[in-house]
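Take a look at the structure below.
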Protein chains: 2
Amino acid sequence: MTTRRTGLREEKKQATRVALREAALRLALEHGPDNVRVDDIAEAAGVSPRTYNNYFSSREQAIVAAVTAERESRVAAAVAARPAHVRLADALAEAILEQYTEPRDHDELLLITASPALRDTFLDAAAAIEHPLAAAIDQRLGCTGTPAPRVLAASAAAAVRVALRQWLQPPAAPLTTSGLVVPSGSLPDLLRSALATLEPAFDAAEEQAQQRLRQ
Amino acid sequence: MTTRRTGLREEKKQATRVALREAALRLALEHGPDNVRVDDIAEAAGVSPRTYNNYFSSREQAIVAAVTAERESRVAAAVAARPAHVRLADALAEAILEQYTEPRDHDELLLITASPALRDTFLDAAAAIEHPLAAAIDQRLGCTGTPAPRVLAASAAAAVRVALRQWLQPPAAPLTTSGLVVPSGSLPDLLRSALATLEPAFDAAEEQAQQRLRQ
DNA sequence: AGCAAATATTGCGTGCACGCAAGTTTGCGT
DNA sequence: ACGCAAACTTGCGTGCACGCAATATTTGCT
């Protein structure tokens, strides 16, 4: 059920998609993110510039896609893969942590932090977990028709975004009126504490779902 | 403390901002959202096209801004205005409901639902509550340094987005495998139930904040 | 009032996103 | 094997976003 389309076609499409994003990443690393035109990327991937925009709707998307690969979509799969008896909140946290913890290339991160435009698209890309995640949560809670799964998924995505934004921020000047400046810890810690804030909501939703089952 | 800048300058800026967005709305209503170029808007507002983009960074933003006015920023103010003894979750829900319930012009809504691009920008605009809201929540909880306020604000914004998206969707074909299709109720109801999902998280955060105060 | 610094506006140039209408490739039924 | 239909690619044209540098306006200061 993974792909509805036929083999050769879909295969070629994925091939050019990969070609495009790898070309984009390579060129961006070589010449700097701002010195790469979409025409260059298209040429390097062997397609027309117009075709580039059939695959990516902005110049930055291809670069970001190369860095994040399909991480976003795998989060939902990882959630669905956890055994049903695990707390939803835990399943989610584990899935996200797992997917965002793979060792990253240091150059790639520098690249992303370098350009504001790239940072923005990177954060936007994190929002892509929302829909698949909503489906996965819906599945787990079995409460189709309620907005809860969508809200929870959207909130989780939002939390991830907050964590990533914090993480990408240069430590900045320690200028707070009151006191301590948190030195913007490690990404796993940031993700954990962001998601922890939402835990009660997940628990409550799960609770309600189980009550509905039981009754 | 509302405006740091001096009078005449800021006044003129707001004037042209308003002129731009009202011109945008008027033209969009007159000729349809897709038959309005930014040059037209700029001309109608009496500024150069380049200036348009000093105020709005996309063609759609001005139109949406005219419809939503400063609703987004007022939400945070409304939260801050609630007495301190009100539950945070309630303060938030009331503030949002209050701001999103003003009677809307029917034409304007049709306009927004008409064009997908407008719908998207409209939803994006709702995300603008995030930062002011985070500040307001931070104030209320008094827990600077914790990611909680940011996460809660982002989640609330996400919930609002979910509700709005549902609300803007044409009822669509009642095609579900299992059964009932919720006829995408009234906006207040949608907002209420979306925010209700997050209530436990708000309560828990408030609880924690109070414990920290007490100790 | 007058002047210098700060801030806005404008025109220009470049690259980009995307609708549209060919042209090309792939898939499938017969 | 053939050919039609669906899906993908491509070139073109249009409008758009935005950096930059020149110009105009406002402000605060004396």
Side-chain angles (χ1 to χ4, degrees), chain A residues 2-21 23-25 27-28 31-66 114-121 124-125, chain B residues 2-21 23-24 27-28 31-65 114-121 124-125:
Chain A
T2 44
T3 51
R4 187 83 200 128
R5 300 253 167 284
T6 7
L8 213 171
R9 247 181 160 79
E10 198 62 12
E11 205 173 324
K12 276 197 171 181
K13 275 191 70 153
Q14 297 308 28
T16 54
R17 163 165 261 113
V18 171
L20 278 171
R21 70 188 191 204
L25 179 56
L27 291 178
H31 306 129
D34 296 337
N35 302 328
V36 179
R37 293 181 303 273
V38 316
D39 295 28
D40 301 335
I41 303 176
E43 192 184 13
V47 293
S48 89
R50 183 62 183 84
T51 295
Y52 175 91
N53 278 305
N54 290 341
Y55 284 84
F56 299 99
S57 53
S58 92
R59 192 178 64 85
E60 292 82 10
Q61 270 190 16
I63 306 177
V64 168
S115 148
L118 280 184
R119 276 202 331 237
D120 288 352
T121 0
D124 283 354
Chain B
T2 43
T3 51
R4 188 85 199 126
R5 299 253 165 285
T6 9
L8 214 172
R9 241 187 166 85
E10 199 62 10
E11 206 172 324
K12 277 199 173 182
K13 276 190 71 151
Q14 297 308 27
T16 55
R17 162 166 263 113
V18 170
L20 278 170
R21 71 189 191 203
L27 292 178
H31 306 131
D34 297 337
N35 302 328
V36 179
R37 294 181 304 274
V38 314
D39 295 29
D40 301 335
I41 303 176
E43 192 184 12
V47 294
S48 89
R50 183 62 183 85
T51 297
Y52 175 91
N53 278 304
N54 289 342
Y55 285 84
F56 299 99
S57 54
S58 92
R59 191 179 66 85
E60 292 82 10
Q61 270 190 15
I63 305 177
V64 168
S115 148
L118 280 185
R119 278 201 330 235
D120 288 354
T121 348
D124 283 355

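Proteins come first, then strands; the chains are lettered A, B, ... in the order of their sequence lines, and each starts at number 1.
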Atom-to-atom span, CG of B:N54 to P of C:dG11 - whole angstrom: 12 Å
A:Y52 vs C:dA17: side-chain N/O to OP1/OP2 distance below 4.0 Å: no
Length of the line joining A:R37:CZ and C:dC16:C1', which is rounded to integer Å: 12 Å
Closest to the B:R59 side chain, choosing from D:dC8, D:dA17, C:dA17: D:dA17
Residue pair A:L118, A:I63: steps toward the side-chain contact (heavy atoms from CB on, under 4.5 Å) verdict: CA-CA 8 Å; A:L118 280 184; A:I63 306 177; 4.2 Å; yes
Sugar-phosphate, base or nothing in reach of A:R9, heavy atoms under 4.0 Å: base
Presence of A:T51 side-chain N/O under 4.0 Å of D:dT10 phosphate oxygens OP1/OP2: yes
Point-to-point distance, once rounded to the nearest 0.5 Å, from CD of B:E60 to CZ of B:R119: 12.5 Å
Nearest-angstrom distance from the residue atom CG of A:L118 to P of C:dC16: 13 Å
Sugar-phosphate only, base, or nothing, as touched by B:R50 at under 4.0 Å among non-hydrogen atoms: base
Euclidean distance, atom CD of residue A:E60 to atom C1' of D:dC18 [Å, nearest integer]: 12 Å
Length of the line joining A:L20:CG and C:dC16:P, which is rounded to integer Å: 14 Å
Which residue lies more 5' along DNA chain D, comparing B:S58 with B:K12 via nearest heavy atoms: B:S58
Side chain of B:Y55 - closest among D:dC16, C:dC16, C:dT9: C:dT9
Closest nucleotide among D:dA17, C:dT10, D:dT9 to the A:T16 side chain: D:dT9
Trace of the side-chain contact (heavy atoms from CB on, under 4.5 Å) decision for A:Y55 with A:R21: CA-CA 10 Å; A:Y55 284 84; A:R21 70 188 191 204; over 6 Å; no
Whole angstrom value for the distance that separates C1' of D:dC8 from CD of A:E10: 11 Å
Validation row: A:N53, A:Q61 side chains within 4.5 angstrom (heavy atoms): no
Rounded interatomic separation in angstrom, taking CD from B:E11 and P from D:dT27: 9 Å
Nearest-nucleotide pick for A:N53, side chain only, options being D:dT9, C:dC18, D:dA17: C:dC18
Sugar-phosphate, base or nothing in reach of A:F56, heavy atoms under 4.0 Å: nothing
Backbone of B:S58 reached by a side-chain donor or acceptor of B:Y52 within 3.5 Å: yes
Distance in angstrom units between A:D39 CG and C:dG15 P, rounded: 9 Å
